[in-house]
Amino acid sequence: MSNLHLAKQWNDAHQQLLDQIEYETPKDAIMTPKDRETAFQHLAVLYIKYIQAFRKLEVAYDQLVHPQKRRLLKEILVGVMGRVLELKNKIVEVELTDVSSFSEILLDLKLVPEDLAVPIPRFITEERDKELNERKLLLESLGARDVSLGDSNPIFPVISVSEAIKMIQINERGRQGRLRAKYMRDIKIQAQREKDLDAGDDEGELNSAALKIQRVFRGHKARKLAKARLREELIFLGMANAPKDPKQSAIAKAELNRSRRKIIQVQHEEEYQAALVNTREKISKVEGPDMKENMQDSFRQWYMEYKRINGKFPDFPDDIVWQQPGFQFSLIEDGKAAASAEGGDKKDDKAATPSKGKKDDKKAAAAKGGAKGKGKKGDEAEEEGPKFKFDDSKHLTTINAQCGTYTGTWQHKDDSENFSQRHDQEIVKNDKRKEVEAEKEVFEILKEELTNLKLAVDRSKNSKKGKKGKKDKKGKKGGKGKKGKKDKKGGKKGKKEKDITANRTMESLIEELIQTGLLQKPTKVNISEIKGEYDLLSPSVTKVPTILPTIAELKRILTEYCVLPLGFPTPSEVPGTPSVLLFGPHGSGKTMMVNAVATEAGAHLFNLTPRNTAGQYLGKQNVTKMVHMIFKVAKANPPAIIYIDNVEMIFAKKVPKDDTTDPKRIKKDLLKQMKSLKIEDRVIVLATSYKPWDGEAKALMPVFGKILYCPKPDYGSRFSIWREFIAKKAPVQVRDINFSLLARMSDGLSAGNIFLASERVLTERRLKLMRTRKLTTNDFIDQIVSLPPTDPGEDQVYKEWYEKTPLVKKRIAALTAPAEGEEDGKKKDKKKKK
């Protein structure tokens, strides 16, 4: 991508953001949403538009090489990312479901379902590249295990010895029969050749043979030439695609260009950092003394003018005020109080107008009294107002401010002379001048000067005032002492958790966790590798109590709940959840999603699965130590994921006798540690289950902030999965396969079963025979039929358990409440008529 294209991407996103800010703050109260449906429509449009801007900004930031523009663009990008997460949280609050359908809104906005995919900013892992490489080397050097992709079935089914012998016999008899037939055919051919040779060597026959060979070869050459010319003509007319060289493809060129830009980014960043240091030193030496003198002159003029007007010296501005860039000592326009460019002396302002404050208090009291007097009318007025009010967003303020900076500094700036996109030296100079002006040493000198002047004035006051002041101080000291005692008493209540491993270093804890197999290497899987499609048939606003997600929607939800909060610079500023439960049938991709989240977030992966901890850390104290170590190391090395497979067994009412892992032993310590988790820790507990009903629902459900269902793929997802698996190993034969038929035939199969069927067909031997025997749809249908049948009632069991989750229960209650209210109203009307 060129610099011009990236600048256009930024400009388009900037305009979209300005439109969104205006749309978010309607001037007319009538435009604010008043019911659930309009609130969802309002939030959904905002959510989709912000995702569009987010995608453009992410591409621009990834490849932009100008260091100053990148800093501003990152602020906007982080603000938009936070706003997307806020809007997602608001949609969940309004709809009471983690899954939402936007099909009708996409149609109105003329967008495709792929536009709903939330991008994962690459800076989450790229800016931590050095740290991630060190982690990888540490795990490899200590022999960390790989996290497997779940309990995968063998590609070919296990057979008994007798069945294997029978299969070998059948194949061996067939092989011998084929060899015998080939031997007999060779004997017949040889006999025919000898008979032809004995017939005679007539020269005419040799000539006719040569003519036949020439005719066949010329026909072959002519057909090949005609085919090549037809291909060229079709390419010229646009009816066929030109042959593509993999190295010359658009994707390969784009990746090459991106890698080149990454190198330039590093070079320009180093130059910019060097310019910051050199420019500051130069300004401090050359312009620093003059700046200090001007600051002192303006300061003295400020406090003398204030003394002349108010009869006393002003208070020195707060640190937050004078540390702001562009600060100057000045007076308020009315001349009654001294203030800076950003703020003033609030104490004097309050003292100067005491009567005004009383009037305001009276007005407020009168307003309260008036409200009480209105009674029912006031309540009716409140009911008429909007029911759904949205809180102010810090990220919206950030976006607005940074967009203003972009408009004032970069949008209309002519960069035609800066073709290489290096830093702007004039902006660096202006910023460093402000930093030199706001140096702490200068302001400390000025503050000390003002303090000395005040002390000199205080000494000249009469002794009576001084004595009163001393008495007041004594009284205040006594009060402070009592308060201090209360604070001490109150401090005893909050006890910190005892650190069991306080005497050990973090390196030794990490080494022990790796050696015991509790800290593992995640399998490298990107979320984009999980194939699935959106449901385009369900309406946007629906009153269905249970909305089941598709695989594509589940990918978006995991990105919003796990990846983006873990990668956000300040996690406390975005809504998030420290624990997520994924449940669904075998082969639905639960473990693959856990690995994908760990890969995209660049997180440590701790495996606390019962079968992984079995036989280790025996005894109550050792179990407490194990869980404590995992959570301590995870919090000290964020981001981190604590993975628990078969989590239902930890909360099971009764553990089966054949289960020797003793899963319930970590329950108490696990619950204690999970309660202490905060979003700021950047640690997420990701649990998976394929039989969640085996666990006690009352104990299991409240532990997890989000409970997500991983269903079997629908038709569109199955179509994508088949195409992906086959195209990986046989890209040339993809055209000959009827994927629609395969998707229909595999209805009810999980993604894992589809993978098994494709792997059984696409073996190494079958791929070698591809030239002589083409791949057909029937090859895959045979394997689909041979798979063990699935239970048709399995999906219903998962759906019934999902309906018992807290969020679905809330949705059902919210949807049934209005209907009950209408029935009660009808009954009342009937009674009145009677």
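Everything numeric here is computed off the predicted structure, so don't read it as measured data.
Of the charged side-chain nitrogens involved, at least one lies within less than 4.0 Å of a carboxylate oxygen, so that Glu512 and Arg504 count as a salt-bridged pair. Between Arg258 and Glu126, at least one side-chain nitrogen of the basic residue sits less than 4.0 Å from a carboxylate oxygen of the acidic one, meeting the salt-bridge criterion. Between Lys555 and Glu560, none of the side-chain N atoms (NZ, or NE/NH1/NH2) sits under 4.0 Å from a carboxylate O, so this pair counts as no salt bridge. Using a cutoff of 4.0 Å between basic side-chain nitrogens and carboxylate oxygens, Glu553 and Arg556 are not scored as salt-bridged. The pair Asp694-Lys653 fails the salt-bridge criterion, with no side-chain N (NZ, NE, NH1 or NH2) lying under 4.0 Å from an Asp/Glu carboxylate O. Taking the charged nitrogens against the carboxylate oxygens, Lys809 and Glu803 have no contact shorter than 4.0 Å, which rules out a salt bridge.
Side chain of Asn637 to backbone of Val633: a donor-acceptor contact under 3.5 angstrom is found. In this structure a side-chain-to-backbone donor-acceptor pair under 3.5 Å is present from Gln616 to Thr516. In this structure, Asp681 contributes its side chain and Val683 its backbone to no donor-acceptor pair below 3.5 Å. In this structure a side-chain-to-backbone donor-acceptor pair under 3.5 Å is missing from Thr661 to Arg611. The backbone N or O of Asp129 lies less than 3.5 Å from a partner atom in the side chain of Asn133, making a donor-acceptor pair. Between the side chain of Thr97 and the main chain of Val99, a donor-acceptor pair closer than 3.5 Å is present. Side-chain atoms of Lys632 come within 3.5 Å of backbone atoms of Thr501 as a donor-acceptor pair (strictly under, hydrogens ignored). Between the side chain of Arg682 and the backbone N or O of Pro638 there is no donor-acceptor pair closer than 3.5 Å. Looking only at distances, no side-chain donor or acceptor of Gln402 sits under 3.5 Å from a matching main-chain atom of Leu72. Formation of a donor-acceptor pair under 3.5 Å by the Lys712 side chain with backbone atoms of Gly584 is not found in this model.
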Would Leu582 and Leu558 count as a side chain to side chain contact (heavy atoms under 4.5 Å, CB included) here? Give the steps.
CA-CA 10 Å; Leu582 302 173; Leu558 283 174; 4.1 Å; yes
Begin from the C-alpha positions of Tyr709 and Phe583 and carry the test ring-ring contact (aromatic ring centres under 6.0 Å, His included) through to its verdict.
CA-CA 5 Å; Tyr709 176 38; Phe583 74 94; 5.1 Å; yes
Let's go through Glu269 and Arg71 carefully: what are the C-alpha distance in whole Å and the side-chain angles of both, what is the deciding distance for salt bridge (charged side-chain N to carboxylate O under 4.0 Å, His left out) to 0.1 Å, and is it a yes or a no?
CA-CA 11 Å; Glu269 181 63 27; Arg71 278 164 171 72; 2.6 Å; yes
Take Tyr643 and Asn595 through the side-chain hydrogen bond (donor to acceptor under 3.5 Å, both in side chains) test and state the conclusion after the steps.
CA-CA 10 Å; Tyr643 168 55; Asn595 281 283; over 6 Å; no
Between Ser528 and Asn526, is the side-chain hydrogen bond (donor to acceptor under 3.5 Å, both in side chains) condition met? List the steps.
CA-CA 5 Å; Ser528 58; Asn526 294 321; 4.8 Å; no
Salt bridge (charged side-chain N to carboxylate O under 4.0 Å, His left out) between Arg55 and Glu58: does it pass, once the steps are laid out?
CA-CA 5 Å; Arg55 294 166 71 89; Glu58 199 278 325; over 6 Å; no
Stepwise side-chain hydrogen bond (donor to acceptor under 3.5 Å, both in side chains) check, Glu573 with Thr570:
CA-CA 6 Å; Glu573 295 179 1; Thr570 50; 3.0 Å; yes
Show the numbers, then the answer: is there a salt bridge (charged side-chain N to carboxylate O under 4.0 Å, His left out) between Lys262 and Asp62?
CA-CA 8 Å; Lys262 287 294 173 185; Asp62 180 56; 3.0 Å; yes
Could you go through His395 and Phe568, starting from their C-alpha distance and side-chain angles, then the distance that decides it, and tell me whether this counts as ring-ring contact (aromatic ring centres under 6.0 Å, His included)?
CA-CA 12 Å; His395 300 292; Phe568 202 80; 5.7 Å; yes
Give the intermediate values and the outcome of side chain to side chain contact (heavy atoms under 4.5 Å, CB included) for residues Val428 and His423.
CA-CA 8 Å; Val428 174; His423 64 273; 4.2 Å; yes
Would Arg135 and Glu131 count as a salt bridge (charged side-chain N to carboxylate O under 4.0 Å, His left out) here? Give the steps.
CA-CA 6 Å; Arg135 281 187 181 185; Glu131 178 192 345; 3.3 Å; yes
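Two residues are said to be in side-chain contact when any heavy atoms from C-beta on lie closer than 4.5 Å; Pro522 and Asp146 fail this criterion. For the pair Leu85/Tyr50, no side-chain contact is recorded, criterion being any heavy-atom separation below 4.5 Å from C-beta on. Using a 4.5 Å cut-off on side-chain heavy atoms (C-beta onward), Leu566 and Tyr561 make no contact. Inter-residue side-chain proximity for Leu518 and Asn607 is flagged as unmet; no heavy-atom pair is nearer than 4.5 Å. For the pair Val594 and Leu605, the minimum side-chain heavy-atom distance is below 4.5 Å. With a 4.5 Å cut-off on side-chain heavy atoms, His268 and Ile264 count as touching. The shortest side-chain heavy-atom distance between Ser676 and Lys635 falls under the 4.5 Å cut-off.
Annotation: the span from Lys432 atom NZ to Leu276 atom CG amounts to 4.5 Å, rounded to 0.5 Å. Between atom SG of residue Cys562 and atom CG of residue Leu708 there is a gap of 7.5 Å, rounded to the nearest 0.5 Å. The structure places OG of Ser579 at 10.5 Å from CD1 of Ile642, a figure rounded to the nearest 0.5 Å. In this structure, CG in Leu77 is found 10.0 Å from CD1 in Ile399, a value given to the nearest 0.5 Å. Rounding to the nearest 0.5 angstrom, the gap separating the OG1 atom in Thr613 from the CD1 atom in Ile666 is 5.5 Å.
For CZ of Phe755, the number of neighbouring non-hydrogen atoms (other residues, nucleotides, ligands) closer than 6.0 Å is 12 at most. The neighbour count for Gln621 CD, taken as heavy atoms of other residues, nucleotides or ligands under 6.0 Å away, does not exceed 12. Crowding of Lys691 atom NZ: a count of heavy atoms from other residues, nucleotides or ligands under 6.0 Å not exceeding 12.
Between Tyr798 and Trp693, the gap from one ring centroid to the other is short of 6.0 Å.
Relative to the ring axis of Phe123, Lys74 places its NZ or CZ within 45° and under 6.0 Å from the centre.
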